K.L.:
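Let me give you the structure first, and then I'll get to my questions.
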Amino acid sequence: MRRFEASTLAYTVDISPPAWNQLAHLSLESYRRIREELDAVAASLTSEGRRNEARAEQAPAHPTSTPSLMVDDAIAVYEVDHERRRVVLLEVAQRLPWYP
């Protein structure tokens with residue numbers, strides 16, 4: 001069985017240039033919460049990889065996915081790139097109010 005170093009399995013969090021510009025319009029607290037959520041996503045992906053080393057050796061069928069999360073009044077769209085083992089914040093937008 002091939003052994004992986006912790007740094008090999010770790011997912012990192014990156015922020016795209018457009019997302020940096022959009023983050024500048026949020027409060028510091030909203031930015032901090034978005035960053036914490038993305039760090040948690042990266043940590044869960046890293047833990048999952050450590051639990052299943054055999055899966056880490058296989059190339060995923062779809063190397064990326066584009067989920068989102070909601071924090072305060074913002075929606076953060078990010079990409080999970082399994083080949084490069086990173087979570088990339090792509091865009092941050094104001095969430096529209098919902099009226100029933």
Side-chain angles (χ1 to χ4, degrees):
M1 178 182 287
R2 186 173 168 191
R3 184 174 172 92
F4 291 92
E5 295 296 322
S7 62
T8 304
L9 294 175
Y11 277 73
T12 60
V13 175
D14 294 329
I15 300 175
S16 71
W20 272 120
N21 291 335
Q22 295 157 351
L23 286 169
H25 299 284
L26 299 179
S27 69
L28 184 58
E29 180 64 19
S30 293
Y31 164 73
R32 186 186 62 75
R33 291 188 58 217
I34 289 172
R35 183 59 197 234
E36 285 175 354
E37 292 287 336
L38 293 175
D39 287 341
V41 169
S44 70
L45 291 167
T46 298
S47 296
E48 182 180 307
R50 287 188 181 129
R51 284 193 305 267
N52 188 358
E53 290 182 357
R55 181 174 171 239
E57 291 179 347
Q58 301 170 353
H62 300 286
T64 61
S65 60
T66 312
S68 65
L69 54 92
M70 289 189 279
V71 173
D72 299 330
D73 61 348
I75 299 173
V77 178
Y78 62 96
E79 172 183 81
V80 177
D81 185 342
H82 296 287
E83 284 184 358
R84 293 183 179 94
R85 306 192 74 75
R86 64 185 188 156
V87 177
V88 182
L89 180 61
L90 300 173
E91 181 178 1
V92 180
Q94 288 293 120
R95 186 169 54 157
L96 296 175
W98 183 77
Y99 298 104

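No experiment lies behind these values; they were computed from the predicted model shown.
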K.L.:
How would you list, by chain and number, every residue that makes a side-chain hydrogen bond (donor to acceptor under 3.5 Å, both in side chains) with Glu36, sequence neighbours excluded?
P.N.:
Arg32

K.L.:
Distance-only criterion, 3.5 Å: show the donor-acceptor pairs between side-chain atoms of residues 12-20 and protein atoms not counting sequence neighbours.
P.N.:
residue	atom	partner	partner atom	Å
Asp14	OD2	Arg86	NH1	3.4
Ser16	OG	Ala19	N	3.3
Ser16	OG	Leu89	O	3.1
Ser16	OG	Leu90	O	3.2

K.L.:
At their closest point, which heavy atom of Glu91 faces which heavy atom of Gln22, and how far apart are they?
P.N.:
CA-OE1, 3.2 Å

K.L.:
Residues two or more places apart in sequence or in another chain: which of them pass side-chain hydrogen bond (donor to acceptor under 3.5 Å, both in side chains) with Tyr31?
P.N.:
none

K.L.:
As a quick check of understanding, evaluate side chain to side chain contact (heavy atoms under 4.5 Å, CB included) for Val80 and Tyr11, giving each step before the final call.
P.N.:
CA-CA 9 Å; Val80 177; Tyr11 277 73; 4.2 Å; yes

K.L.:
Which residues pass the side-chain contact (heavy atoms from CB on, under 4.5 Å) test with Val71, sequence neighbours left out?
P.N.:
Arg33, Ile34, Glu37, Leu69

K.L.:
Taking only residues two or more places apart in sequence, or in another chain, which ones meet Asp73 in a side-chain hydrogen bond (donor to acceptor under 3.5 Å, both in side chains)?
P.N.:
Gln94

K.L.:
For residues Tyr78 and Leu23: do they belong to one hydrophobic cluster (side chain heavy atoms under 4.5 Å, members Ile, Leu, Val, Met, Phe, Trp, Tyr)?
P.N.:
yes

K.L.:
List the residues meeting salt bridge (charged side-chain N to carboxylate O under 4.0 Å, His left out) with Asp39, not counting sequence neighbours, and say none if there are none.
P.N.:
Arg35

K.L.:
Apply side chain to side chain contact (heavy atoms under 4.5 Å, CB included) to residues His82 and Leu45 and explain how you reach the verdict.
P.N.:
CA-CA 9 Å; His82 296 287; Leu45 291 167; 4.1 Å; yes

